[in-house]
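For reference, the structure is listed below as structure tokens.
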Amino acid sequence: MTTRSPTIDLSQPHDTCVRCGKPTPLGVALCDDDNPGALKGPSTTQVHGTIAVGIGIGFLILAFVANWALGSVGPFPVKILAATGLADGGADIVFAVSNDGASTNVATCRITRGGVSTPADPVFRTESIEAGATIQVARTIPPPGPDDPPWVPDRLLVHCT
């Protein structure tokens, strides 16, 4: 036995049917025509569970796409060949970058003072490196700012990703 919704006073607060737009009592999502069995809507636990599952699936898809897009990138091992200090506190550095990945890629490299990254570190991209190939890169590091320590050749590290 189904119960019919009472007539809705449109001058009072009311909801509307999500399917057809007819007025419904407050808190009722479907009108009697669209919900003849008077089935209740989903509980808040069901709604939140559905949202949580959707977010989880979205993260899995994002992880899959990221792995597919970046799966053949690098690693890019680096070997410093030469580093000399300049009178103004800067430095000249020459290093070799290898592409141990499965496809041609460009490496993003950062030169640091002893491995600790700072905003003043030079960051740059190399030219394209064929899979299995090694290129030689030479850079002149500009003098440090007034609050930064000088570039000491023996402490320079290069990290490429």
Side-chain angles (χ1 to χ4, degrees), residues 1-80 93 95-137 139 141-142 144-145 147-149 151 155-161:
M1 175 176 210
T2 61
T3 58
R4 303 300 289 179
S5 298
T7 304
I8 307 298
D9 181 4
L10 297 178
S11 65
Q12 297 295 319
H14 61 280
D15 281 330
T16 56
C17 177
V18 295
R19 287 193 182 160
C20 68
K22 290 181 186 174
T24 62
L26 284 176
V28 177
L30 294 172
C31 67
D32 291 332
D33 294 334
D34 289 325
N35 188 9
L39 300 174
K40 293 190 178 233
S43 70
T44 54
T45 304
Q46 289 172 315
V47 172
H48 286 92
T50 302
I51 292 169
V53 168
I55 290 171
I57 290 171
F59 275 115
L60 289 175
I61 291 171
L62 180 64
F64 175 76
V65 169
N67 185 37
W68 173 77
L70 303 173
S72 64
V73 175
F76 297 100
V78 176
K79 180 178 180 187
I80 295 178
I93 185 168
F95 57 94
V97 181
S98 301
N99 179 359
D100 289 350
S103 64
T104 301
N105 280 298
V106 175
T108 301
C109 299
R110 174 185 293 267
I111 301 173
T112 64
R113 297 171 179 93
V116 178
S117 296
T118 67
D121 292 343
V123 178
F124 57 91
R125 293 176 56 99
T126 66
E127 61 190 56
S128 289
I129 308 171
E130 296 288 328
T134 300
I135 63 168
Q136 187 169 316
V137 179
R139 286 285 186 265
I141 304 170
D147 296 331
D148 294 323
W151 294 93
R155 295 188 41 102
L156 295 180
L157 290 177
V158 181
H159 179 72
C160 296
T161 55

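The side chain to side chain donor-acceptor pair (under 3.5 Å) check on T16 picks up nothing, with sequence neighbours excluded. Contacts of T161 classified as side chain to side chain contact (heavy atoms under 4.5 Å, CB included), with partners at least two apart in sequence or in another chain: T108, H159. With sequence neighbours left out, the side chain to side chain donor-acceptor pair (under 3.5 Å) criterion links S98 to T134. Under the side chain to side chain contact (heavy atoms under 4.5 Å, CB included) criterion, P122 pairs with I111, I141, W151, sequence neighbours left out. Evaluation of the side chain to side chain contact (heavy atoms under 4.5 Å, CB included) rule for D34 yields C17, R19, C20, L30, C31 as partners, not counting sequence neighbours.
Closest approach of A131 to G101, counting heavy atoms only: CB-O, 3.5 Å.
Between V158 and K79, every side-chain heavy-atom pair lies at or beyond the 4.5 Å cut-off.
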Next item on the list: Apply side chain to side chain contact (heavy atoms under 4.5 Å, CB included) to N99 and F76, showing your working.
Entry: CA-CA 5 Å; N99 179 359; F76 297 100; 3.7 Å; yes
Next item on the list: Test V97 against F95 for side chain to side chain contact (heavy atoms under 4.5 Å, CB included), laying out the working first.
Entry: CA-CA 7 Å; V97 181; F95 57 94; 3.4 Å; yes
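Residue pairs meeting the side-chain hydrogen bond (donor to acceptor under 3.5 Å, both in side chains) criterion with at least one partner in residues 21-31, sequence neighbours excluded, are K22-D33.
In this structure, the side chain of R110 does not engage the main chain of S117 through any donor-acceptor pair within 3.5 Å. Between the D147 side chain and the G145 main chain, no donor and acceptor come within less than 3.5 Å of each other.
For R155, the CZ atom is loosely surrounded, since the number of other residues' heavy atoms within 6.0 Å does not exceed 12.
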